[in-house]
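The structure appears below as structure tokens.
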Amino acid sequence: MLQQTTVAAVKPYFLHFLDRWPSVEQLADADPQEVMAAWAGLGYYARARNMLACARTVAAQHQGRFPEGVKALRCLPGIGEYTSAAIAAIAFDEPVAVVDGNVERVVSRLYAIETPLPAAKPRIRDLVQEMTPSERPGDFAQAMMDLGATICTPKRPACAICPLSAPCLARAEGRQEFFPVKAPKRAKPQRRGAAFVAMRQGDGAIWLRRRPESGMLGGMVEPPTTAWSVKADGAIGAESAPFAAGWELAGTASHGFTHFDLTLDVWRAVAPADPQSDGWWATPERLDEEGLPTVMKKVVAVALPGIIFRRRPGRAAP
DNA sequence: TACGCGTGGAT
DNA sequence: TATCCAAGCGT
């Protein structure tokens, strides 16, 4: 959960998952759709699929206990170089280099590394491996990460109280804010599409479907949307709807993803009882449990201004 | 190696 | 408002 995600965002999800699936075996036996719904709002949904696959592997092939050693850990789904090293060092006392974004920043300043990231990663990993003590390597790893998170921060690092200020080469030159050097990132393209929110007469249930397992929002629930194409001028027409109905334009929903910005035209209609399309009806009370990703909650909110999503772990309803 | 992959808080 | 960035991974 903590991969590329802050502790504050993760905490309520983590507590809920531990409560709902307290052991590796229980998670391994979980309903995948329920796991995806429980992850909704946390982002990077491949992590949820990987975590479930990881639990199944640990349960089936390792008697429900995580294997010791970075190499065995590294073979598990969703556990890469950082996570395998963190588990090995913190849980199994293995003196391996644990390098996350915080440590990259600390070390790049400590040695004033001019090579841009991510090209500098191998060099940083070697330096951290040299620094890692054989005694309490897990505490060392967490101390380095916490140093980066609380003192050696991206903006305005607190060098005055930093235990590494004396040997820090960047600090000596007064250039700490210029590290780490990063490769330039490309501009975010704009994309456009349409979403179709169909309501059933009577109970106001909404027509939903599940997205393909791979790709954007893989395995997540949505009101039907078109493909998201390179931005064109003007609204996308109701002829793109998954079924015929009295579609009317309700507005637009915008959402920024990591690598593009999306604008969706939101169409609304009272639909036939049987749309003759892949999907299912979800009543307003059930919408929370369906676990819509954030962009889809925005879509529904545009179509139905009265709707309120409650179960966003740890956050007030919008 | 470079890119695809979410979301929300801080500045 | 715009930008950055967070306990990265898989392909």
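The chains referred to below are lettered A, B, ... by the order of the sequence lines, with proteins before strands, and numbering in each begins at 1.
If you find the closest nucleotide of DNA chain C to L2(A) and to I79(A), the one lying nearer the 5' end belongs to L2(A). Comparing A119(A) and T258(A) along DNA chain B, the residue whose closest nucleotide (by nearest heavy atom) sits nearer the 5' end is A119(A). DNA chain B is contacted by both L292(A) and R156(A); L292(A) maps to the nucleotide lying nearer its 5′ end (nearest heavy atom per residue).
Here M1(A) lies out of heavy-atom contact (under 4.0 Å) with every strand. P77(A) comes within 4.0 angstrom of the backbone, heavy atoms only, and of no base. Contacts of G218(A) with the nucleic acid, taken as non-hydrogen atoms under 4.0 Å apart, are absent.
For dG8(C), its base never sits under 3.5 Å from the side chain of T83(A) at any donor and acceptor pair. One donor-acceptor pair, N or O on each side, does fall under 3.5 Å between the base of dG6(B) and the side chain of T5(A).
Judged by the 6.0 Å and 45° rule, R109(A) forms no cation-pi pair with F179(A). Figure legend: cation-pi geometry between R268(A) and W207(A) absent, as NZ or CZ is not positioned both under 6.0 Å from the six-membered ring centre and within 45° of its axis.
The distance between atom NZ of K185(A) and atom P of dC3(B), rounded to the nearest whole Å, is 13 Å. Rounded to whole Å, atom P of dC4(C) lies 15 Å from atom CD of E177(A). Straight-line distance from the CZ atom of R49(A) to the P atom of dG6(B): 8 Å, rounded to whole Å. The CZ atom of R105(A) sits 12 Å away from the C1' atom of dA7(C) (whole-angstrom rounding). We find that CG of L42(A) is positioned 9 Å from P of dT7(B), with the value rounded to whole Å. What separates CE of M51(A) from P of dA7(C) is a distance of 19 Å, to the nearest Å. One interatomic measurement links the two molecules: CE of M296(A) to P of dT7(B), which rounds to 9 Å at whole-angstrom precision. Rounded to whole Å, atom P of dG6(B) lies 13 Å from atom CD of E222(A).
Using a 30° and 60° split on the angle between ring planes, F17(A) and W39(A) fall in the perpendicular class, above 60°. Note: W247(A) and F243(A) have tilted aromatic rings, judged against thresholds of 30 and 60 degrees for the angle between ring planes.
Heavy atoms of other residues, nucleotides or ligands lying less than 6.0 angstrom from CD of E25(A) number more than 12. Other residues, nucleotides and ligands contribute at most 12 non-hydrogen atoms within 6.0 Å of the CZ atom of R136(A).
Of the P atoms belonging to dA7(C) and dT11(B), the separation is 14 Å, rounded to the nearest Å.
Counting all heavy atoms, side chain and backbone alike, P133(A) lies closest to P95(A) at O-CB, 3.8 Å.
Applying the 4.0 Å criterion to OP1 and OP2 of dC5(B), one finds that H259(A) has a side-chain N or O inside that range. Not one side-chain nitrogen or oxygen of N50(A) sits closer than 4.0 Å to the OP1 or OP2 atom of dC9(C). An OP1 or OP2 oxygen of dT7(B) is reached within less than 4.0 angstrom by a side-chain nitrogen or oxygen of Y45(A). For dC3(B), the OP1/OP2 oxygens have a side-chain nitrogen or oxygen of R186(A) closer than 4.0 Å. For dG8(C), one of the phosphate oxygens OP1 or OP2 lies less than 4.0 angstrom from a side-chain nitrogen or oxygen of Q4(A). Between H255(A) and dT7(B), a side-chain N or O to OP1/OP2 separation shorter than 4.0 Å is present.
Side-chain atoms of T6(A) lie closest to dA6(C) of the nucleotides dA6(C), dG6(B), dA7(C). Here the nucleotide nearest the side chain of M216(A), chosen from dG8(C), dT7(B), dG6(B), is dG6(B). With dG6(B), dA7(C), dC5(C) as the candidates, the nucleotide lying closest to the side chain of D100(A) is dA7(C). Checking dG10(C), dC5(C), dC5(B) against every side-chain atom of Y44(A), the shortest atom distance belongs to dC5(B).
A donor atom on one side chain and an acceptor atom on the other are not found under 3.5 Å apart for R200(A) and T283(A).
Helical stems in DNA chain B, defined as runs of 3 or more consecutive Watson-Crick or G-U wobble pairs with donor-acceptor distances under 3.5 Å: B:2-5 with C:8-11, B:7-11 with C:2-6.
Checked options E135(A), M131(A), M145(A); the residue passing with F140(A) is M131(A) (criterion: side-chain contact (heavy atoms from CB on, under 4.5 Å)). Each of L169(A), V181(A), L127(A) was checked for a side-chain contact (heavy atoms from CB on, under 4.5 Å) with I113(A), and the lone residue meeting it is L127(A).
Listed by residue number, the members of residues 121-132 of chain A with any heavy atom below 4.0 angstrom from DNA chain B form an empty set.
Summarising the geometry, atom CZ belonging to F196(A) is positioned 10.0 Å from atom CG belonging to L264(A); distances are rounded to the nearest 0.5 Å.
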